[in-house]
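Structure, as structure tokens:
Only heavy atoms go into these numbers, but all of them, side chains included; no hydrogens, no water, no symmetry mates. In each ligand, atom 1 is the first atom listed, and ligand 1 is the first ligand listed.
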Amino acid sequence: MSSSFHQKSLDLLSEQLGSKGIHINSLISKIATFQIAVPSWALGAGGTRFGRFSIGGEPRNLEEKLEDIGLLAKLTKRTDAVSLHIPWDIPQDVQAIRQKAADLQISFDAMNSNTFQDYGQPLSYKMGSLSNADPAIRKQAVEHNLQVIEIGKSLGSKGLTVWLADGSNFPGQAHIRKALQWTTESLKEIYASLPADWKLLLEYKPYEPNFYHTVIPDWGTSALICRQLGDRAKVLVDLGHHLPNTNIEQIVATLMHQNLLAGFHFNDSKYGDDDLSTGSVKPYQLFLIFCELIGGAEENAQTWESISWMIDASHNTKDPLEDLIQALEAISQAYAKALLVDRKKLALCQNEGDVVGAQEVLQDAFLTDVRTLVCEARIQSGGEADPLAFYRKEKIRAKLIAQRGKGAQASGL
Ligand code: PSV
Ligand code: MN
């Protein structure tokens, strides 16, 4: 888009929104300050159990992962943090990693523990980790989480995200109540070691890798456990961790109502944990989630600052950096559209039972083209007007392949 065309579109939008009493500058500054963390595992090609196709030029170590996020930050200005996964990202030299991150203006978002692989540990997680019937295995899994906290402390992180693969594949395999009890007790031990200024983000997921029962399958179970841990334990909503057609915006509203929303792992899905690019399948759902978030924060259910924002995706077919640029854009657009909702009018419609009117209010915001707005926020922050076009024009992937090789990749999902 030429800069004069951009300016014309911006003027037009400013006029259009101005007639509704919306000031474009305050919108732009809100969009510009909204930052979303990127996980270290989203930078390489993922795969399925059937195979993995390397994209080439993928990061080979933690330093290169930081460099990729630094590049994303520079182009998009929509991310300023990385979320590490232990043991995949254990820093060899903490000071050097801290320095590198500081040079790239990247901070360390929540740390992720991993008790779903064995990675050479003495005891196997085949029958579960924090929920295992064997106390020695539960202890090993607890200690792993404590080690993750220590690494996070050394890097300046402020959160621990726990996602458990624990569950069972067949009826009768597990004692469902005991598994839940052991999980809760293990998490209590982890929570007791959580620094005072940290939070614990507890994920849920209905199925996979277990297909009969999962110990923490839904937001309700996660919330029940969090309540038993303490105020700093909250529920993490990974958009892909729901059965088809689940009303995720309602879950978000309910959690906010209880001050129990830890944050998000953004992605999209058609079936389950497909890890598709955020907003690629259900952009309206994403918009409705942001409507609940903005409403919840405005009405003081939970503060905006208390919520963590992160992408959780794995790419089988796309260039991961291109995909992340698209995801950051989709999230910014959903947020921008939700900011346009005339909340006073919506409240009026709700109070008067004007169902049609309420839908019109939402559609009016959702159908507004906010691309110019998001682009302007990026330009004002010093980013690229069109990061994807820039990435392609500069042939960044080809340069990364030349530098790092065709097939190499650090460990990850
Ligand atoms: C597995 O489902 C998963 O995608 C979870 O969402 C975690 O957040 C992520 O892997 C990293 O462990
Ligand atoms: Mn996740």
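Salt bridge Arg60/Glu64: present, at least one basic N to carboxylate O contact under 4.0 Å. The pair Lys139-Glu189 does not meet the salt-bridge criterion, since no charged nitrogen lies less than 4.0 angstrom from a carboxylate oxygen. Salt bridge present: Glu67 and Arg404 bring a charged side-chain N and a carboxylate O closer than 4.0 Å.
Remark: aromatic rings of Trp163 and Phe116 are close, center separation under 6.0 Å. Checked against a 6.0 Å centroid threshold, the rings of Tyr284 and Phe287 count as neighbours.
Judged purely by distance below 3.5 Å, without hydrogens or angles, the side chains of Gln99 and Gln95 never pair a donor atom with an acceptor atom.
Here is the list of ligand 1 atoms found below 4.0 Å of a heavy atom in Phe116: 12 (O). Remark: ligand 1 atoms within the under-4.0 Å shell around heavy atoms of His265 are 8 (O). Every atom of ligand 1 is numbered from 1 in the order shown, and the set under 4.0 Å from a heavy atom of Trp41 is 9 (C), 11 (C).
By the 3.5 Å distance cut-off applied to N or O atoms, Asp238 is counted among the residues near ligand 1. Here's the thing with His85: one of its N/O atoms is less than 3.5 angstrom from an N/O atom of ligand 1. Remark: ligand 1 and Lys205 share an N or O pair separated by less than 3.5 Å (distance only, no angle test). The shortest N or O to N or O distance between Asp273 and ligand 1 is below 3.5 Å.
A perpendicular orientation is assigned to the rings of Phe34 and Trp309, their planes being inclined by more than 60° (bins at 30° and 60°).
The shortest side-chain heavy-atom distance between Leu180 and Val215 falls under the 4.5 Å cut-off. Side-chain atoms of Gln140 and Pro122, non-hydrogen and from C-beta on, do get closer than 4.5 Å to each other.
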Would you tabulate the side-chain donor-acceptor contacts of residues 170-177 under 3.5 Å, counting partners in other chains and residues two or more places apart, or write 'none'?
residue	atom	partner	partner atom	Å
Gln173	OE1	Asn169	N	2.7
Gln173	OE1	Phe170	N	3.2
His175	ND1	Lys178	N	3.1

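With a 4.0 Å cut-off on non-hydrogen atoms, Glu208 does not touch ligand 1 at all. When non-hydrogen atoms are compared, ligand 1 lies under 4.0 Å from the side chain of Asp312 (C-beta onward) but not from its backbone.
Within a radius of less than 2.8 Å around the Mn ion (ligand 2), the protein N, O or S atoms are Glu203 OE1, Asp238 OD2, His265 ND1, Asp312 OD2.
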